[in-house]
Amino acid sequence: MSAMPVPPETSPPDRALPDPWTFPTPGPDGFTPDDLVGLPGAFRYELLDGLLLVSRPDGFTIDDLERTPEDSNRYELIDGTLVVSPAPTWEHQRAVLKLAVVLEAACPAGLVVFGPTPDVRKGRRGSLQPDLIVARAVDLTPGAPYLGVPLLAVEVLSPSSLGMDRLTKRQVYGRLGVSSYWIVDPSARTGPAVTVLRLDPALDGYREEPTTGPDAVVTVTEPFPASFAPADLVRVP
């Protein structure tokens with residue numbers, strides 16, 4: 001995981017957001033320095049494994065997040081930093097769909113499976129969009145934003161999200177109190193594989209279970225009993 005800072009253009013500080021606020025559409029491997037040409041110079045930009053991190057001295061809030069464009073990118077907030085991710089690959093989307101089907105079939109009354117998911121928010125400077133969550137039904141209010149803490153959050157790895165999903169989001173979900181966090185690797189080169197992490201108060205974070213590879217079966221009891229083979233998540237007819 002490497003971050004490459006890109007100095008802002010020399011322009012007067014301006015806290016106001018551009019109108020319209022637009023971002024480029026990156027290639028399959030994520031953002032490159034060429035994608036940053038023409039972006040507003042009042043902010044600081046960093047490239048992290050193909051992700052674009054945007055920051056300013058006073059940080060961004062969920063109000064700013066609501067002004068991001070409706071395009072193919074994913075926009076999240078982590079501790080006031082805007083994280084812009086490229087659109088997922090078809091392998092990524094297939095894995096999310098297949099896992100959602102498995103969990104939906106096993107989900108008991110009182111819990112709800114989402115994939116894609118509502119924003120998971122904590123305060124005004126944090127907002128994540130996991131690939132899949134399991135939420136409590138009592139935390140869902142028609143017509144209102146989701147403000148609960150999911151029992152399970154799942155991130156499916158993309159080439160640009162390896163470090164973010166394995167390290168940063170692991171810490172953030174732990175701080176939020178998400179009981180279970182799964183990392184799904186759909187790559188034909190390194191996977192498919194699933195890593196299950198369970199929140200352990202004694203560790204002040206997650207206890208990581210051994211990664212399950214394509215030839216084995218993932219068996220869990222939390223947030224409810226379920227089992228599946230990682231290979232099935234990326235199999236196409």
Side-chain angles (χ1 to χ4, degrees), residues 1-4 24-35 46-53 71-76 78 83-106 113-117 120 128-134 150 152-174 178 180-198 205-220 226-237:
M1 181 177 67
S2 59
M4 180 171 59
T25 300
D29 294 328
F31 290 92
T32 69
D34 289 343
D35 292 318
E46 292 181 79
L47 297 178
L48 179 67
D49 297 336
L51 299 179
L52 174 59
L53 309 184
D71 57 17
S72 61
N73 296 327
R74 176 185 293 184
Y75 298 90
E76 300 175 286
I78 296 180
V83 180
V84 188
S85 308
T89 63
W90 71 263
E91 294 94 340
H92 181 288
Q93 294 173 313
R94 181 69 176 173
V96 172
L97 172 63
K98 295 282 283 186
L99 183 56
V101 170
V102 169
L103 294 181
E104 180 69 20
V113 177
F114 285 99
T117 75
V120 175
L128 298 179
Q129 294 180 3
D131 289 308
L132 187 151
I133 67 169
V134 172
L152 168 68
V154 180
E155 295 287 359
V156 177
L157 298 179
S158 295
S160 61
S161 72
L162 299 179
M164 182 65 67
D165 290 344
R166 292 190 184 278
L167 299 174
T168 305
K169 286 191 175 181
R170 172 176 178 161
Q171 297 171 354
V172 174
Y173 288 135
V178 178
S180 297
Y181 176 39
W182 300 355
I183 301 172
V184 178
D185 183 357
S187 168
R189 181 178 62 84
T190 58
V194 176
T195 303
V196 172
L197 302 98
R198 295 184 176 88
Y206 287 107
R207 182 181 298 278
E208 182 173 328
E209 302 291 332
T211 296
T212 302
D215 299 325
V217 174
V218 177
T219 300
V220 297
S227 62
F228 58 93
D232 290 340
L233 300 183
V234 296
R235 184 173 288 118
V236 293

Which atom names give the shortest non-hydrogen contact between [X] and [Y], and what distance separates them?
X	Y	answer
P86	G30	CG-CA, 3.9 Å
G213	P230	O-CG, 3.4 Å
I133	A153	CG2-CA, 4.3 Å
V96	L132	O-CD1, 4.0 Å
R166	L157	NH2-CD1, 3.1 Å
Y173	P130	OH-CG, 3.2 Å

Are side-chain heavy atoms of [X] and [Y] found at a separation under 4.5 Å?
X	Y	answer
I183	V194	no
E209	V218	no
D165	Y181	yes
V178	K169	no
P150	V134	no
P26	N73	yes
E76	S85	yes
D131	R74	yes

Calculate, to the nearest 0.5 Å, the distance between atoms [atom1] and [atom2] belonging to [X] and [Y] respectively.
X	Y	atom1	atom2	result
D185	T212	CG	OG1	12.5 Å
Q129	E155	CD	CD	9.5 Å
L97	L233	CG	CG	10.0 Å
D29	D49	CG	CG	11.5 Å
F31	L51	CZ	CG	8.5 Å
Q171	I78	CD	CD1	9.5 Å

Heavy-atom donor-acceptor pair, T89 side chain to H92 backbone, under 3.5 Å: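 Looks like yes, one N/O pair under 3.5 Å.
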Side-chain donor or acceptor of S161 paired with backbone N/O of S158 under 3.5 Å: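 Yes, because the side chain of S161 sits within donor-acceptor range (under 3.5 Å) of the backbone of S158.
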Qualifying residue, where the test is side chain to side chain contact (heavy atoms under 4.5 Å, CB included) with W182 and the options are T195, L197, L99: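 Answer to the side chain to side chain contact (heavy atoms under 4.5 Å, CB included) test with W182 among T195, L197, L99: L99.
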